[in-house]
Amino acid sequence: MYKLIFYLTAVIAIGAAGAILIVRHPVHAALYLIASLLALALLFFLLGAPLVAALQVILYAGAIMVLFLFVMMVMDLRPASNERLALPKGWRVPTLLVAALAVELAVVVFQAPLSGDEIWVSVGPKAVGQSLFGTYLIAVEVAAILLLAALVAVLYLSRRSRP
Amino acid sequence: MSTWLWLIPGSPFVGALTIALLGGRLPAARLPWFACAAAGISALTVAAAWLGGAAQEPLRQTLYIWLAVDGWQPSVGFTLDRLALVMVTVVSGVGFLIHVYSVAFMDKEAEQRRYYFYMNLFLAGMLVLVLADNLLLLYFGWEMVGLCSFALIGFWYRDPVKAAAGRKAFTVTRIGDTALAIAIFLLFVQFGTLSFDVLFPLGEGDWEGATAVALLILVGALGKSAQLPLQVWLPDAMAGPSPVSALIHAATMVTAGVYLIARTHPLFELAPGVQWTVAAIGVLTIVYGASCALAQHDIKRVLAYSTVSQIGYMFLALGCGAYALALFHLATHACFKALLFLSAGTLIHSAGGEHHIGRLGELNAGSRTVQLCFLVGAASLAAVPFFTAGFYSKDAILTAAWVAPVGGLLWLFAALGALLTGVYIFRVYLTVFHRSAEPLLRPRGRLPTPIAVPLLLLAALSLSVGFLEFPEGSGGPHTWSTWLESELDLAKHPEHHTTRVLQALSALMAVAGIALAFPLVRRERAGKSLPWQSFLQTGWRFDALYARLFVQPYHRTASALARWVEQGLIEAGLNGLTRGFWVMAAGLRRGVEFGSVERGLTFLVVGLQRGHAMLSATQNGLLSRYAVSVTTGTLALLGFWLFWPWGG
Amino acid sequence: MIPLTHSLFVGALLFTLGAAVVLLRRELLFLLMGLEIMFNGAALSAVAAGQHWQGAEGQVLAIFLMAITTAELVVALILVWLAYQRFQAICVDDLVALRDGRSEDSP
Amino acid sequence: MSFGHWFLTLGGMVLMLGGLLVTVAFMVYAERRVLALFQDRLGPNRAGPLGLLQPLADALKLLTKESFAPPFVDRMVYELAPVIVPLTVLMSFAVVPLSDAWWLADLNVALLYVLALSSLGVYGIILGGWSSNSKYPLLGGLRAAAQMISYELPMGLALVGVVMLAGSFSLVDIVNAQDVPFIVLQPVGFLVFMVCGVAEVNRLPFDLPEAENELASGYNTEYGGMRFALFYLGEYMGVLLIASLVTVLFLGGWRGPWLPDVVWFALKTFSVVFLFYWLRTSVPRLRYDQLMDFGWKIMLPAALVNIVITAVVGIAWM
């Protein structure tokens, strides 16, 4: 049962991500992305990381993607009639590159001496929190500064009047 | 008492925050008094610390651990030992008086909120610097002070000259700050801690890195304290309001370097060469500052150069191992220099913003009180024997310098500086206050209380602080140095009769300097200027030198790169090459019809053209193409790692 | 239960798909979404590896990834919005101010 | 997991679903009667004794209406949107403990789970507004998006105080930690959470996404029949969810003397639901800029200050 759910979710995550490649309308793409993100959240949960799973939903699906949709709605993008999705000029090289990337990553993953099944251990929010605010405190502070910088940048960029 | 230690920097800090965040809600008339109260609480806490036994036993308080990572635990903690107590007393006391003075001085000014915000923050930064119990927190205060001084010097930022002065101060001190930061990194790498308590016992061993670190700390101190060769920002810093000049020059920023060296003196003792350099730079700066002050016409610039020169005395003392004397001079200097600046500011204010000493003399706007105060300050600066604080502190340094290596030379320079000091400050006093002609402006009314009280208080201090430390061998008490003995080693003095001779000589120097000022002023009134007037007035042309050494080469390199490398080499070279081949090919086609040669050349030309097109295509501005390049690079690296060496 | 390799492979596949979106689509918003997918593939690998060693490090790394993406995305979104407002551009191909001006005619 | 366990869980889910649907139906009835009471009129009283069959009649009417989709809508999204709202709320109920023993799941991140799902609920509204391809719904959707982002933040932060006191994200643990109901220890947190909760479910005075008199019902203008009913259902289940969360987090959940656990839970929850009705009758709708200012300049700082105070007091206490 557990395995079935895991692989099904993985397929959904990958399928939804693949759909973004071919859909025409950004809002539909965003929906597929949300589906992929939610599936990924479930994967996190199944792997035994409930905190990251919850944060994934709250942060990505709940905040970032809403922001995405908001921008799309403000821009009011409409699909330009019923045209087929044309492959952009010069698609061959990137496609080749992506294929090569897939191969190389597959080699990396399957070459690694990591076979064998996992023991399922759930690492709860308490452990993660203690790790974050203990060992990785400096990184947390730096991340806070980064977020502050982003905040300032956005405020600056979105000023009404510019000289 | 320990639990209230945080209040010393905390009160101005909270004051600054309140002014910044809620200052708009306060009635404008209350704002200055609010800032004063914040500074006042700090000063009161210091007074309470004196009464509460800080003078005997160091007080400590650790507010919290900033970060705790693998045994490194930089704390936000304060230590109030005797060295810090001296600094804190000077900084908070003089700072408070200057705040009070500002109330009346700045009352017509717009944007007082910004002014008081930075003043309070400045005070807080300086107090953090002085009280910090580790180098990281000290550096935090150090940078806070630097930032605020930039903002305050450029307070009237709408005037481009004044804004540039602020920028200059910021840029020049930044050189020193960087050096200090590197020194801190080195210390951390070596010892894994930055706490003074742990660091300095460790530093007393034999450590070959000491020279480098001490040198870097020295550069840091040079930047903040405006010593040669980083002194150029200070004279320009006069662009700020007068109370700011007083705050920066007297009590706070410039003394930060002196404090830093005094605090880290065990390191300097490990590196005697560097310590002697401190003294050498000190004496050079003394003569430099004094000679430049001699030729200035702007009253505040005279005082600025005089500060440069006086800090030189402190460095000299530090370099000779007379730390207590350096601090003593720091304290007396804070009193009389603040007094001079505040009375000069009052004078300028009542003369409607006039800075030129000659015209100030013609206007004769100063009242009796201001004249008296300026006279006291000038006398103390010139070290008039027996009455003034400056005499006691400066002479002690001079005698202590004699025993240092090459002490005679150091003494000679310092004594020359003492002579010049008397000349330049009394030149100003005589020009400004003693005109025989009928004055144009009559002094008006009494001084406002917030101006008069700090002036008179500082005048009293300038006369009396000296009695804390009587000259060596005079039989008077040595309250100051014996009190500091537990933390800072005593200065060495030459044997008895040499000391006597030296003391007499330096007292003579001061009096001689004042005497020399009279003919000088008479000469100037007659319209004759000094020899080398312009050389001295421009501060030995240091600005021009730096412009030529650093600024211009930088500009020139940049524009040369743009012109020669970008346009000349890459653009013109490649274009010319292609065009040349075209011309050659066309010429060959017309002239010589060698089949193979022509084909070969055409091939080359077409190849070049294709290559050009392909290279241009990498700069087509298309994000996707750039992404493709990045991916290719990543793939290549990954592939290299995976498949190389084959089968690995 | 699940071999680590499989989780890692899913992560790698997501990463590749994200890269494909970035490389093959030309709309700014799609590019951003492709980046998101790449980030998430990396996060999945991190979490899976963290669980493999039964520590919190993988989750910590994933959380940092989220913080970084958030910061990157808010700035990117406002830039997309500005590009749309100023140049009416929704495709990267419309934003070529960095193009080498003297080679307009080159292929 | 054994078959019995699965069966129990499944049975619990069915029971919960049925119970919720009936409760919501009567919540609508109760609201209409209570509103009438406030406005000095009678309200629905014809269908059945005291009008108690009114919910049934409403449901039948909505179910039998023609399911009409306008031709200009984005079909896929238009169909999807109404499902999202009730779905997310229903899923949230899985972790709400009705009594000491009655709950479907006890996650160690339950509170985060609820927050996560409540942040997903907004998609129904945004997408409904966008897919209608029509002006007012689009405006409604935009408003919903901005409102949700602004109020989710203080809502989550208001709960940090509760988590600090309880030391756990699990709702069961939180109830067990409330020897004193947290409303006493966390009054600011309670207020912020309550206000943000009202905003999250788009109830007056924060019902800007569907403001009838400016946006002609906003995001659901183009919806009718069963699809509209789903939106409606979602909204009322949302009210119930917020009310039960307030009960669990601040009012001590099922705990109380003399009466059985579930009765206490119901009593507390319905008092909060009554508060929602009361708000609707007595507070006028905010203007949009007021809404934003209120969220960012009052709610968010209040929640942050609450956290700081809780932390400081907590450290001092321990």
Heavy-atom closest contact (C:L29 atom, A:M72 atom, distance) = CD1-CG, 3.7 Å
Min side-chain heavy-atom separation A:F6-C:S7 under 4.5 Å | yes
Under 4.5 Å, counting heavy-atom pairs only, tell me which of A:A139, A:A149, A:A144 racks up the most with chain C.
-> A:A139
Looking at side-chain heavy atoms only, is the closest gap between C:L73 and A:F68 below 4.5 Å?
-> yes
In terms of side-chain heavy atoms, does A:Y60 have a donor or acceptor partner in C:T69 at a distance below 3.5 Å?
-> yes
Please report the shortest heavy-atom distance between C:V74 and A:A150, naming the atom on each side.
-> CG2-CB, 4.1 Å
Value for CG (A:L67) from CG (C:L77), rounded to nearest 0.5 Å, stands at 5.5 Å
Pick from A:V123, A:V154, A:V98: which one has the most heavy-atom pairs with chain C under 4.5 Å?
-> A:V123
Report the option among A:L59, A:V11, A:I20, A:L147 that has the most heavy-atom pairs separated by less than 4.5 Å from atoms of chain C.
-> A:I20
Smallest heavy-atom separation, C:L14 atom then A:A13 atom, equals CD2-O, 3.9 Å
Non-hydrogen side-chain atoms of C:M66 and A:V52 separated by less than 4.5 Å | yes
Region of A:L40 that comes under 4.5 Å of a non-hydrogen atom in chain C = side chain
How many angstroms lie between atom CG of C:L24 and atom CG of A:L21, to the nearest 0.5 angstrom?
-> 6.0 Å
Output the distance between atom CD1 (C:I37) and atom OH (A:Y32), rounded to the nearest 0.5 Å.
-> 12.5 Å
May I ask you to test the A:V71-C:Y84 pair for a side-chain heavy-atom distance under 4.5 Å?
-> no
Go through A:S36, A:A127, A:A102 and name the one with the most non-hydrogen pairs under 4.5 angstrom from chain C.
-> A:A102
Rounded distance (nearest 0.5 Å) linking atom CD of C:E57 with atom CG of A:L132 = 10.0 Å
Tell me, side chain or backbone of C:L44 under 4.5 Å from chain A's heavy atoms, or both, or neither?
-> both
If one checks every heavy atom of C:A20 against chain A at 4.5 Å, the contacting part turns out to be both
Against chain C, label A:Q130 side chain, backbone, both or neither, depending on which of its atoms sit under 4.5 Å from a heavy atom there.
-> neither
Residue pair C:Q51 / A:A49: nearest heavy atoms and the distance that separates them = OE1-CB, 4.3 Å
Which distance, rounded to the nearest 0.5 Å, do you find between the OG1 of C:T16 and the CG of A:L105?
-> 5.0 Å
Taking every non-hydrogen atom, the tightest pair across C:V60 and A:S131 | CG2-OG, 3.7 Å
Rounded to the nearest 0.5 Å, what's the gap from OG1 on C:T70 to CD1 on A:I64? Could you check?
-> 4.0 Å
Which atoms of A:A143 come close to chain C, meaning under 4.5 Å heavy atom to heavy atom: side chain ones, backbone ones, both, or neither?
-> side chain
Is the centre of the A:Y7 ring less than 6.0 Å from the centre of the C:H6 ring?
-> yes
Identify which of A:V142, A:L97, A:L101 forms the greatest number of heavy-atom pairs closer than 4.5 Å to chain C.
-> A:L101
Structural part of A:L37 lying under 4.5 Å from a heavy atom of chain C | side chain
Please look at C:L79 and chain A and tell me whether the side chain, the backbone, both or neither of the residue comes under 4.5 angstrom of a heavy atom of that chain.
-> side chain
Chain C contacts, top residue of A:A29, A:G18, A:A99, A:A10 (heavy-atom pairs, under 4.5 Å) | A:A29
Chain A contact via C:E36 - side chain, backbone, both or neither, heavy atoms under 4.5 Å | side chain
Which pair of non-hydrogen atoms, one from A:P26 and one from C:M33, has the smallest distance, and what is that distance?
-> O-CE, 3.6 Å
Relative to chain A, which segment of C:F30 carries a heavy atom at a distance below 4.5 Å: side chain, backbone, both, or neither?
-> side chain
